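Everything on this sheet refers to the single structure shown next.
Just so it is clear: chains get the letters A, B, ... in the order the sequence lines come, proteins before strands, and each one is counted from 1. Here the structure is a predicted model, which is why all the values come from computation and not from measurement.
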Protein chains: 2
Amino acid sequence: MALEHAILVSLLEQPGSGYELSRRFERSIGHFWTATHQQIYRVLKRMESDGWIDVREVPQQARPDKKEYSVAAPGRAALSRWLHEPIEPESVRHDLAVKIRGAAFDDPAALIREVERHRRTHSDLLAHYLAGERRDFTGPGADGALDAGQELQHVVLRGGIAYERMTIAWLDDVLATLHRIGAPSPT
Amino acid sequence: MALEHAILVSLLEQPGSGYELSRRFERSIGHFWTATHQQIYRVLKRMESDGWIDVREVPQQARPDKKEYSVAAPGRAALSRWLHEPIEPESVRHDLAVKIRGAAFDDPAALIREVERHRRTHSDLLAHYLAGERRDFTGPGADGALDAGQELQHVVLRGGIAYERMTIAWLDDVLATLHRIGAPSPT
DNA sequence: TCTTTCTATGCAACTCGTTGCATAAACAAG
DNA sequence: CTTGTTTATGCAACGAGTTGCATAGAAAGA
């Protein structure tokens, strides 16, 4: 389990409430680590009772009060420990790959729309990443003038960009294949 | 949940026992859908009691008897229904990305070995994929002479190959970045 | 012969993750 | 003034997934 660690990293980058964390997980972090708000609140509770994080009640105007969390020394130590651990192989769940192989026992042509929809989603995400890269990592302070944290955030973002580009190219390959095997025997 | 569907696809491609399925999940299928043998046995039970699959006790010499499962009509219908459903967005869990961003609050150089280890794993997997491709999808019957099922298996395999190549290139980018930010301030 | 390894199946307990629901404060729109 | 939306937090129940353990037949090797 590493949700705790993902939360620690996010809180180190910027302290915030459970609500704010769940928003971040929907946006940037969620692209490589998903979590619902329920999970986040539950884990935050446990982390707080373990002394990994500190809470601060923050009264707000124009909206309900919030609890702002920040990383305490034991949390930082726990993160450091995890960072030095060997690591777990990533577990994958690719529904689409299962569907593609399953299409051999059904109508392959029926998958085309689905694959096209996926392609659009990945295309949008790529555009979103590229916009973020232009916003945060180009201009006057680009290349060399960034600190270590920004460099690392940038390389993770480049990973996301590479992933989306590869996926889009592969989905085009899938579409071409579906058309090819659909064409010879239409009736 | 789609473990049921992954099992259905695997059993349609080739009937087999829970043990054989768990081996397949370790090998080919496991690259895009992981599952332990416990999970597989439990789900097989449920699928059997739901009438999705049939069992056949197969006595063997030189090893314990096994239960060979094959897909029944209701299972095929369930698979078909799932194939025509809109679809779920894939959920990702990229430990390494979390670690990389976390390295900003620790020693980035300490990550280098870890990343190198990952690179080796992905490199091995790529070689394994390429060997499988050479074995199953080249030679006399290559390109045009394959049936739909083989074409679809091939395109999924090409996806795996593309993924590994992209990942290896990205890990090289990560390594270069870690070296770059480690070099300017070593002491 | 005894231990180890491979095939083959499974229970029990636990943790992780999801879904549905509930609450509440503040503002905006009708 | 009621309804809807956004921010903000949380419980309860369930289902998915993991870990540890147990069993058992047969072959291989020490």
- Check: A/His128 side chain, A/Asp124 main-chain N or O, donor-acceptor pair, under 3.5 Å: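 Judged by distance alone, no pair lies under 3.5 Å.
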- Mark yes or no for whether B/Gln14, through its side chain, and B/Leu11, through its backbone, hold a donor-acceptor pair below 3.5 Å. no
Looking at [X], does any N or O in its side chain come under 4.0 Å of the phosphate oxygens OP1/OP2 on [N]?
X       : N      : value
A/Lys66 : C/dA25 : no
B/Arg93 : C/dG17 : yes
B/Gln39 : D/dA16 : no
A/Tyr41 : D/dT9  : yes

- Between the base of D/dG15 and the side chain of B/Arg42, is there a donor-acceptor distance below 3.5 Å? no
What is the separation between atom [atom1] on [X] and atom [atom2] on [N], rounded to the nearest whole Å?
X       : N      : atom1 : atom2 : answer
B/Glu57 : C/dA8  : CD    : C1'   : 11 Å
B/Lys45 : C/dT9  : NZ    : C1'   : 8 Å
A/Glu68 : D/dT9  : CD    : P     : 10 Å
A/Ile40 : C/dG17 : CD1   : P     : 11 Å
B/Arg46 : C/dG10 : CZ    : P     : 15 Å
B/Asp95 : C/dC16 : CG    : P     : 14 Å
B/Leu44 : D/dA16 : CG    : P     : 14 Å

- Note on the structure: One should read off an interatomic distance between A/Lys66 NZ and A/Glu57 CD, to the nearest 0.5 angstrom, of 11.5 Å
- Message: I need a per-nucleotide contact map over nucleotides 20-28 of chain D, read 5' to 3'. Cutoff is protein heavy atoms under 4.0 Å; write B for the base, S for backbone only, - otherwise.
- Response: BB---BSS-
Hydrophobic cluster membership, with links at side-chain heavy-atom distances under 4.5 Å among I/L/V/M/F/W/Y: are [X] and [Y] in one?
X        : Y        : answer
A/Val98  : A/Val92  : no
B/Leu157 : A/Met166 : no
B/Tyr163 : B/Leu130 : no
B/Val55  : B/Met47  : yes

- Item | Result of checking A/Arg120, A/His118, A/Glu114 against A/Glu116 for side chain to side chain contact (heavy atoms under 4.5 Å, CB included) | A/Arg120
- Message: Go nucleotide by nucleotide along DNA chain C from the 5' end; which of A/Thr36 and B/Tyr69 gets its closest nucleotide reached first?
- Response: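 It is B/Tyr69 whose nearest nucleotide is closer to the 5' end.
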- Ring centre gap for A/His37 and A/Phe25 strictly below 6.0 Å: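 Between A/His37 and A/Phe25, the centre distance exceeds or equals 6.0 Å.
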- Charged N to carboxylate O below 4.0 Å: is that the case for B/Arg46 and B/Glu4? yes
- Would A/Arg24 and A/Glu13 pass as an ion pair if we require N to O under 4.0 Å?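 Looking at A/Glu13 together with A/Arg24, the answer is no, because their closest N to O distance does not fall below 4.0 Å.
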- Residues from residues 4-34 of chain B lying under 4.0 Å of DNA chain D - heavy atoms: none
- Message: If the helix axis at each end comes from five base pairs, how far does the helix from C/dT1-D/dA30 to C/dG30-D/dC1 deviate from straight, to 10°?
- Response: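 Between the axes fitted at each end of the helix from C/dT1-D/dA30 to C/dG30-D/dC1 lies an angle of 10°.
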- Item | Nearest atoms (heavy-atom pairs only) where A/Glu164 meets A/Leu126 | CB-CB, 3.9 Å
- Query: Where the side chain of B/Lys67 is concerned, which of C/dT9, C/dG17, C/dA13 is the nearest nucleotide?
  - Reply: C/dT9
